[in-house]
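Report on the following structure.
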Amino acid sequence: MFAKELLKQSLPLLILCGLGGLVAGSTLGVMTDLLVDIPGLIVIIPAIIAMRGNISTTLGSRLGSAYHLGVINAENIWNEELKQNVIGSLVLSFLVSITIGILAYVTTIIFFDISPNPVKLIIIVLIAGVVSGAILTMLTIVIIFAVFKRGYDPDNITGPALATFGDIITMLSIFGSAIIVEVIL
Amino acid sequence: MIYSWKKIVRYGLPLLTLCILIELFAGQILQSGQNTLLKIPIYLISIPVINGVGGNIGSILGARLASGLHVGYINLDIKDKKMHENLITSLLMGIITYTVLAILIYYIASFSRITMGISLIEFVFVLLAVGALLICVVSVVSIFTAFLSFKKGMDPDDFIAPVVTTIGDTMGIIFLFLIIGVA
């Protein structure tokens, strides 16, 4: 009965992931001063988190299907198929980060009567995007490997696990890079 | 070899760019509601939880549909029984998860002495209302994305998570402001 299996494998993880979201939320709660000081910062947060979540969950989802298709397995995980997936994810992270910075600047000018510092915004996004991208890609492989070993269905687990670790790591990366940029520039 | 990084970037980039455009719109909504969120920070803290759970449930559903379509045990049919079972399980998981998390958030927030201004019942009600609306939206979006991309001969895995989480994030923030406004 797959509904039971789905509940058993996914529900505890979903709740755990929600707690992860709470950690990310609390980081956001701590950042209130930065949010007031750097106009445009709150605007880029959903975009960076989404980019991060999207890139790593599509990676996890593709690797899940690769597993179902028999292209990768626990004994043969670090092969060319996986490498192509990893390179693709990292290139996407870099390109999309730059795009977010530029678009956030432009839309903030259009929607509000404030003009954020474009250099600051772009640098914050780039540091946060690339650093969290590198960490999360490694984490994806570790999680996929652990899931394979246990014989679970990766589809039930990688998505939520990555989205959550992704949220925490991304929020911390944004927090860190915002502080660094605010101090230096 | 079935994967190539250039293909992943080429397929991923247009959709991701569209997604971040929508997310930036969500960000602008946050910017305009920033004062409300700073006044009742328990909602600010809840945003990643609401969006995270909604996105996760939609993505699990989508990933399962994608694998089912790839392997062939789910058919491209709105009346497919396996798909219906998956859908109902998603709704059930959503209700349980949001209830548990709402209670946890409330107690953790009151532990860390965050200004609340609302009762537990009120907060659980708000989160459940936002959550129920959100799950309905992400589930429908997930099924449509999976079926449509598969039908067009594309890999649903490349599309489901981005589409579901993007629409989920934006709708999550909109539903939250809506329900706060009503409650």
Side-chain angles (χ1 to χ4, degrees), chain A residues 2-3 6-7 10-11 14-15 17-22 24-26 28-29 32 35 42-47 49-51 53-55 57-58 61-62 64-66 68-69 71 80-81 84-85 87-89 91-92 95-96 99-100 103-104 107-108 111-112 155-156 159-160 163-164 167 171, chain B residues 1-9 12-13 16-17 19-21 23-24 26-28 30-31 34 38 41 44-49 51-53 55-57 59-60 62-64 66-67 70-71 85 88-89 92-93 96-97 100-101 104-105 108 114 155 157-158 160-162 165-166 169 173:
Chain A
F2 83 85
L6 180 57
L7 281 174
S10 292
L11 195 59
L14 261 178
I15 292 174
C17 291
L19 289 179
L22 188 52
S26 304
L28 196 56
T32 44
L35 292 179
I42 200 169
V43 176
I44 62 174
I45 289 173
I49 290 184
M51 168 192 75
N54 288 348
I55 293 177
T57 46
T58 45
S61 184
R62 274 199 307 271
S65 291
H68 281 290
L69 291 170
V71 175
E80 194 56 39
E81 299 280 4
Q84 293 295 325
N85 273 293
I87 297 171
S89 297
V91 173
L92 271 178
L95 295 176
V96 177
T99 317
I100 291 176
L103 289 178
T107 53
T108 307
F111 284 119
F112 294 94
D155 288 340
N156 294 347
T164 306
D167 284 0
M171 271 315 300
Chain B
M1 192 138 93
I2 55 173
Y3 295 110
S4 95
W5 73 268
K6 284 181 189 158
K7 246 192 195 167
I8 292 169
V9 172
L13 201 55
L16 256 171
T17 309
C19 285
I20 58 163
L21 260 177
E23 291 286 350
L24 284 169
Q28 301 290 1
L30 277 183
Q31 171 101 299
Q34 195 174 353
L38 294 181
L44 183 68
I45 295 171
S46 308
I47 289 175
V49 181
N51 290 346
V53 173
N56 286 342
I57 289 180
S59 304
I60 296 177
R64 294 180 65 90
S67 294
H70 275 304
V71 177
E85 285 178 39
I88 291 165
T89 316
L92 187 68
M93 283 201 300
I96 300 173
T97 309
V100 172
L101 285 172
L104 281 174
I105 294 174
I108 289 172
I114 283 163
D155 186 350
D157 289 327
D158 290 338
I160 292 165
T165 48
T166 304
D169 284 351
I173 291 169

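Below, chain A is the first sequence line, B the second, and so on; all start at residue 1. Computed from a predicted structure; not experimentally measured.
- Residue Glu23(B) holds its CD atom at 13.0 Å from CD1 of Ile44(A), rounded to the nearest 0.5 Å.
- Rounding to the nearest 0.5 Å places CZ of Arg62(A) at 4.0 Å from CD1 of Ile8(B).
- With hydrogens and angles disregarded, a donor-acceptor distance shorter than 3.5 Å links the side chain of Glu81(A) to the backbone of Ile2(B).
- With a threshold of 4.5 angstrom between heavy atoms, Val71(A) approaches chain B through side-chain atoms but not through N, CA, C or O.
- Nearest heavy-atom pair, Gly52(B) versus Asp167(A), reported as atom, atom and distance to 0.1 Å: CA-OD2, 4.4 Å.
- Residues meeting the side chain to side chain contact (heavy atoms under 4.5 Å, CB included) test with Leu19(A), sequence neighbours left out: Leu22(A), Leu101(B), Leu104(B).
- When heavy atoms are compared at a cutoff of 4.5 Å, Val9(B) approaches chain A by way of both its backbone and its side chain.
- Here CG of Asn56(B) is found 5.0 Å from SG of Cys17(A). Values are rounded to the nearest 0.5 Å.
- In terms of heavy-atom proximity, Trp5(B) sits nearest to Gly88(A) at CB-N, 3.4 Å.
- In this structure, chain A has a heavy atom under 4.5 Å from the side chain of Ile108(B), while its backbone stays farther away.
- Contact annotation for Ile45(A): neither backbone nor side-chain heavy atoms come within less than 4.5 Å of a heavy atom of chain B.
- Both the backbone and the side chain of Leu35(A) come within less than 4.5 Å of a heavy atom in chain B.
- Between chain B and the options Pro46(A), Gly29(A), Ala24(A), Ser26(A), heavy-atom pairs under 4.5 Å are most frequent for Pro46(A).
- There is no contact between Ile88(B) and chain A, counting heavy-atom distances below 4.5 Å.
- Here Leu92(A) is the residue among Thr58(A), Ile100(A), Leu92(A) with the most heavy-atom pairs under 4.5 Å with chain B.
- Here Leu16(B) is the residue among Asp169(B), Thr165(B), Leu16(B) with the most heavy-atom pairs under 4.5 Å with chain A.
- When each of Lys6(B), Gln28(B), His70(B), Gln34(B) is checked for heavy-atom pairs under 4.5 Å with chain A, Gln28(B) comes out on top.
- A search for side chain to side chain contact (heavy atoms under 4.5 Å, CB included) contacts involving Ile173(B) returns Ala26(B), Ile29(B), Leu30(B), Ile47(B), Asn51(B), Phe177(B), not counting sequence neighbours.
- Residue with the most contacts toward chain B among Ala50(A), Gly20(A), Ser89(A): Ala50(A) (heavy-atom pairs, distance under 4.5 Å).
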